[in-house]
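For reference, the structure discussed in these notes is given below.
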There are 2 protein chains.
Amino acid sequence: MQTIEQLLESKDIRVTVMRLLIYKFLAEKQVAVTLSDIENAFEKADRTTLYRTIKTFEEKDIVHQIDDGTGITKYALCEKGCNCEIETDLHLHFHCNNCNETICLTEHKIPQIKVPDGFVSENVNLVVKGICDKCSR
Amino acid sequence: MQTIEQLLESKDIRVTVMRLLIYKFLAEKQVAVTLSDIENAFEKADRTTLYRTIKTFEEKDIVHQIDDGTGITKYALCEKGCNCEIETDLHLHFHCNNCNETICLTEHKIPQIKVPDGFVSENVNLVVKGICDKCSR
DNA sequence: ATAACAAATGCACTTCCATTGCACTTACTA
DNA sequence: TAGTAAGTGCAATGGAAGTGCATTTGTTAT
Ligand SMILES: [Mn+2]
Ligand SMILES: [Mn+2]
Ligand SMILES: [Zn+2]
Ligand SMILES: [Zn+2]
């Protein structure tokens, strides 16, 4: 079991207070978060810092970006074994039309998609929208 | 064979010069267009008019919106038989990373996606990114 | 320990797209 | 033809993303 510090260092990210806090915030969340969510959680910190932190995390494959169609990009921690490096977001994402939350369905891989002759598929974004388990019961 | 006028009227859209022009513009295009694309094509017209026209078309299921992940929403005419009303975008969309164009692959329906217990799927957005046929040859 | 350097942070500002309020014009309807 | 509703143009706003630069913090070498 490695500490967050060790994880960051293993990805060539220098450990800072801000980064540890943001990492912990993401880890506690069960849903994908927007930059505004982070902003609201850390009102004392500057938006730019939060923005650049999440960008650093993204570059180093600590988080992956999710485009759920709301127009606002969201982020979620990569699971161990997530290989965003190779092909982004192999798993699908679910966006709840009721509570507006988006979650990673890491167990649900994206099926192979056929494209017409001449087209080359490099990656796939699949978002299912509907009602989440919390809202449907 | 119905005229564009008849089509618009059948969808409860009043016919205006602007609307006819914009419809024709969309019909000629083989790719999804942004609001800016329309703007560039009709420099004399106001942005707002174009914006509201496309919104009207969208409401009345003349066009459907496409979120291809570029951050800019695109629009394309619905094919006859396209039932956006019921479930949006049953077909998949292809975004070319080279020429930046997005097209509807209307023949390619989205496969049935399984979601976990408690989740209710209402619709699905599927975007494949890669190299289009024009750019790959 | 301290100086020198590099990276991280904070502040201000910018850009781009989407959206709205309101005045004016055009088109339908009585 | 007058009255009314819808469409259009202009101006302004808001939100999110992104950048330049000064300042602070942390790392490294002397
Ligand atoms: Mn995910
Ligand atoms: Mn389409
Ligand atoms: Zn929900
Ligand atoms: Zn292309």
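Remember, predicted model here, so these are calculated numbers, not experimental data.
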Without decimals, in angstroms, what is the distance between [X] [atom1] and [N] [atom2]?
X: B:Ile13; N: D:dT8; atom1: CD1; atom2: P; value: 12 Å
X: B:Asp12; N: C:dC28; atom1: CG; atom2: C1'; value: 14 Å
X: A:Met18; N: C:dA7; atom1: CE; atom2: C1'; value: 16 Å
X: B:Tyr75; N: C:dC17; atom1: OH; atom2: P; value: 13 Å
X: B:Ile72; N: D:dG15; atom1: CD1; atom2: C1'; value: 15 Å
X: B:Glu59; N: D:dG7; atom1: CD; atom2: P; value: 10 Å

task = Please state whether the base of D:dG18 and the side chain of A:Arg52 form at least one donor-acceptor pair under 3.5 Å?
result =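 There is none.
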
query = Taking for each residue the nucleotide of DNA chain C bearing the nearest heavy atom, is the 5' side occupied by B:Val17 or by B:Lys74?
reply =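 By nearest-heavy-atom nucleotide position, the 5'-most residue is B:Lys74.
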
Hey, is the side chain of [X] poking within less than 4.0 Å of OP1 or OP2 on [N], counting only N and O atoms?
X: A:Arg14; N: D:dG26; result: no
X: B:Lys55; N: C:dA18; result: no
X: B:Thr16; N: D:dT8; result: yes

request  = Kindly say whether the aromatic ring centers of B:Phe57 and B:Tyr75 come within a distance under 6.0 Å.
outcome  =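 Ring centroids of B:Phe57 and B:Tyr75 are no less than 6.0 Å from each other.
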
request  = Kindly check if the number of other-residue, nucleotide or ligand heavy atoms within 6.0 Å of CD (B:Gln2) is above 12?
outcome  =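 Yes, the 6.0 Å shell around CD holds more than 12 heavy atoms from other groups.
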
message = Does atom NZ (A:Lys109) have a neighbourhood of more than 12 heavy atoms from anything else shown, all under 6.0 Å?
response =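 Enclosed: over 12 neighbouring heavy atoms sit under 6.0 Å from NZ of A:Lys109.
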
Gap between atom CG of B:Leu35 and atom NZ of B:Lys74 - 0.5 Å precision =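 Going from the NZ atom of B:Lys74 to the CG atom of B:Leu35 covers 13.0 Å.
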
query = Quick one: SG on A:Cys96 to CG on A:Asp68, what's the gap to the nearest 0.5 Å?
reply =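 Interatomic distance, A:Cys96 SG to A:Asp68 CG, rounded to 0.5 Å: 11.0 Å.
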
inquiry  = At 4.0 Å (heavy atoms only), tell me whether A:Arg19 reaches a base, stays on the sugar-phosphate, or touches nothing.
reply    = sugar-phosphate

inquiry  = What's B:Thr56 touching, base or sugar-phosphate or nothing? Going by heavy atoms closer than 4.0 Å.
reply    =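 Touches nothing.
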
inquiry  = Assess, by modelled atom type and distance only, whether the side chains of B:Asp37 and B:Thr34 contain a donor and an acceptor separated by less than 3.5 Å.
reply    =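 Side chains of B:Asp37 and B:Thr34: pair found under 3.5 Å.
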
ask   = Salt-bridged, B:Arg47 to B:Glu39, with N to O below 4.0 Å?
value =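 Yes, this pair counts.
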
query = What are the residues of residues 29-51 of chain A, sorted by number, that bring a heavy atom to within less than 4.0 Å of DNA chain C?
reply =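 Residues of residues 29-51 of chain A under 4.0 Å from DNA chain C: A:Asp46, A:Thr48, A:Thr49.
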
